[in-house]
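These figures come from a predicted structure and were not determined experimentally.
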Amino acid sequence: MQIPVFTVDAFTNRPFSGNPAAVCLLENDLDEDLHQKIATEMNLSETAFIRKLHPGDDFTKSSCFGLRWFTPASEVPLCGHATLAAAAVLFHIQKNTNSVLTFVTLSGELKARQVEHHIVLDLPLYLTYPQVLQEVEELIKAAVGDMIVQDLRYSPDTKKLLVRLSDAYERSVLEELQVSAQHFLSAEKTGKVKGLILTLKGNPSGKHKGHDFYSRYFAPWYGILEDPVTGSAHAVLSSYWSEQLGKKEMLDQIVKQQPPPSTTKRIFQSFYKVCVKYQCVCVREGKDQVLFSYKIG
């Protein structure tokens, strides 16, 4: 069995920026352990596996597919940027003729649609609830030290902890913050937290005006020290900031110390879902080259 694989930079229109994901097209069922082995070999934050749901399905003509995501360490229940990358491969490389694609995933059915030169991705919307500081105090200390935390929320559906820093801080404080995500593993061993979001309210009159909030995301429990641009975290962030700001359409900027540069993401929120609108660039494809090949039996 031969598996074509593509590397796609999501949330960007420039190669070697945004957030890269690997996308594998599966003509047939794949042995369970090979999903993880391939994802580990690719060594990107996520590898997406698109599979046909029925024998007569076609990557060019069918509109519904199965989709799974794996980090180098384990399978994850939701990944926004790898879903965007999967849709880009089907729309732009496979030339899928449908305007809307449906992915059957561990997080339910997700839809991706083409709107001009963008892909709009519908993600589930996850609510957050107040979190008692004492229960996660060691983790907060490992993440931000003695910085002032204005709000602390937890999303039980995603096991993500949202840490909002004081509004007194500027964007540069979050961007320049030295975070040793590897230390999170010893600070949080209960299994309650699988992802940590640091976020900051935007400054409408500051140097970077126009952004409603800023964010960084860390998931060392899944083998990802810092995710450059993450869709799943925005399924939590959009719920929180929509409530805080009283807005249904928001603009976020993901900031971080290391290149690629900061990325801006436009978010549209409805009652049940969050829509992320952006572009992708395919920087490597295995269309004429077999990157993974193995025998069955």
Query raised in the report: Would a hydrophobic clustering, with Ile, Leu, Val, Met, Phe, Trp and Tyr connected at side-chain separations under 4.5 Å, put Leu185 with Val193?
Result: yes
Report task. Determine whether Glu41 and Thr47 make a side-chain contact, defined as any pair of heavy atoms from C-beta on separated by less than 4.5 Å. Result -> no
Report summary line: Residue pairs passing the side-chain hydrogen bond (donor to acceptor under 3.5 Å, both in side chains) test with at least one member in residues 156-165, sequence neighbours excluded, are Ser155-Thr158, Lys160-Tyr217, Arg164-Asp167, Arg164-Tyr240, Arg164-Gln244
Could you go through residues 123-133 and list every donor-acceptor pair under 3.5 Å that involves a side-chain atom there, pairing it with any protein atom two or more places apart or in another chain?
from: Thr128; atom 1: OG1; to: Arg153; atom 2: NH1; distance (Å): 3.4
from: Gln131; atom 1: OE1; to: Lys192; atom 2: NZ; distance (Å): 2.9
from: Gln131; atom 1: NE2; to: Glu135; atom 2: OE1; distance (Å): 2.8

Query raised in the report: Does Cys64 reach the side chain of Val104, with side-chain heavy atoms less than 4.5 Å apart?
Result: yes
Query raised in the report: Would you say the side chain of Val8 lies within less than 4.5 Å of the side chain of Ile93, judging by non-hydrogen atoms?
Result: no
Requested in this report: Check Leu174, Val163, Val173, Ile140 against Met147 for a side-chain contact (heavy atoms from CB on, under 4.5 Å) and give me the one that passes.
Outcome: Val173
**Report entry** Over all atoms of both residues, closest heavy-atom pair of Pro220 and Ala181
**Finding:** CG-O, 3.3 Å
Query - Taking every non-hydrogen atom, the tightest pair across Ser74 and Gln36 - result: CA-OE1, 3.1 Å
Query raised in the report: With hydrophobic residues grouped by side-chain heavy-atom distances under 4.5 Å, do Leu44 and Leu78 end up in a single group?
Result: no
Requested in this report: Apply the test salt bridge (charged side-chain N to carboxylate O under 4.0 Å, His left out) to residues Asp212 and Lys201: give CA-CA distance (whole Å), side-chain angles for both, the deciding distance (0.1 Å), then the verdict.
Outcome: CA-CA 6 Å; Asp212 293 291; Lys201 184 180 179 181; over 6 Å; no
Requested in this report: Would you mind listing every salt bridge (charged side-chain N to carboxylate O under 4.0 Å, His left out) that reaches into residues 59-73, with sequence neighbours excluded?
Outcome: Glu32-Arg68, Arg68-Glu75
Report task. Determine whether His54 and Ser62 make a side-chain contact, defined as any pair of heavy atoms from C-beta on separated by less than 4.5 Å. Result -> no
Requested in this report: Carefully, step by step, assess His92 and Gln114 under the rule side-chain contact (heavy atoms from CB on, under 4.5 Å).
Outcome: CA-CA 10 Å; His92 303 318; Gln114 289 198 93; 3.4 Å; yes
Report summary line: Interatomic distance, NE2@His81 vs CG@Asp9, rounded to 0.5 Å, equals 9.0 Å
Query raised in the report: Does any donor atom in the side chain of Thr105 or Trp69 lie under 3.5 Å from an acceptor atom in the other side chain?
Result: no
Query raised in the report: Does His183 offer a backbone N or O that forms a donor-acceptor pair with the side chain of Ser186 under 3.5 Å?
Result: yes
Query - Min side-chain heavy-atom separation Leu101-Phe91 under 4.5 Å - result: yes
**Report entry** Test item: Thr71 side-chain N/O and Tyr222 main-chain N/O as donor-acceptor pair under 3.5 Å
**Finding:** yes
Requested in this report: Output yes when Asp146 and Lys141 qualify as a salt bridge under the 4.0 Å nitrogen-oxygen rule, no when they do not.
Outcome: yes
Query raised in the report: Do Lys111 and Thr102 have side-chain N/O donor and acceptor atoms under 3.5 Å apart?
Result: yes
Query raised in the report: What is the minimum heavy-atom distance between Arg113 and Asp122, and which atoms define it?
Result: NH2-OD1, 3.8 Å
Query raised in the report: Between Glu188 and Thr190, does any side-chain donor sit less than 3.5 Å from a side-chain acceptor?
Result: yes
Requested in this report: For the pair Phe70 and Phe49, name the ring-plane relationship: parallel under 30°, tilted 30 to 60°, perpendicular over 60°.
Outcome: perpendicular
Query raised in the report: Is the backbone N or O of Leu177 less than 3.5 Å from a side-chain atom of Arg216, with the two atoms forming a donor-acceptor pair by type?
Result: yes
Query - Test item: Ser215 side-chain N/O and Leu198 main-chain N/O as donor-acceptor pair under 3.5 Å - result: no
Query raised in the report: Under 3.5 Å, side chain of Thr40 to main-chain N/O of Pro72, donor-acceptor pair present?
Result: yes
Query raised in the report: For the side chain of Asp58 and the backbone of Thr60, is there at least one donor-acceptor N/O pair under 3.5 Å apart?
Result: yes
Query raised in the report: Between Phe184 and Phe218, what is the ring plane arrangement, given parallel below 30°, perpendicular above 60°, and tilted in between?
Result: perpendicular
Report task. Check whether any side-chain heavy atom of Met42 sits under 4.5 Å from a side-chain heavy atom of Thr7, and report yes or no. Result -> yes
Query - Considering all heavy atoms, the nearest Ala112-Ala87 contact - result: CB-CB, 3.7 Å
Query raised in the report: Under a single-linkage definition using a 4.5 Å side-chain heavy-atom cutoff for Ile, Leu, Val, Met, Phe, Trp and Tyr, are Ile50 and Leu53 assigned to the same hydrophobic cluster?
Result: no
**Report entry** Shortest non-hydrogen contact between Leu67 and Ala86, atoms and distance
**Finding:** CD1-CB, 4.1 Å
Query raised in the report: Which atom names give the shortest non-hydrogen contact between Ser107 and Pro77, and what distance separates them?
Result: OG-O, 2.6 Å
Query raised in the report: Checking side-chain contact (heavy atoms from CB on, under 4.5 Å) against Leu90, which of Asn98, Ile119, Leu25, Val23 comes through?
Result: Leu25
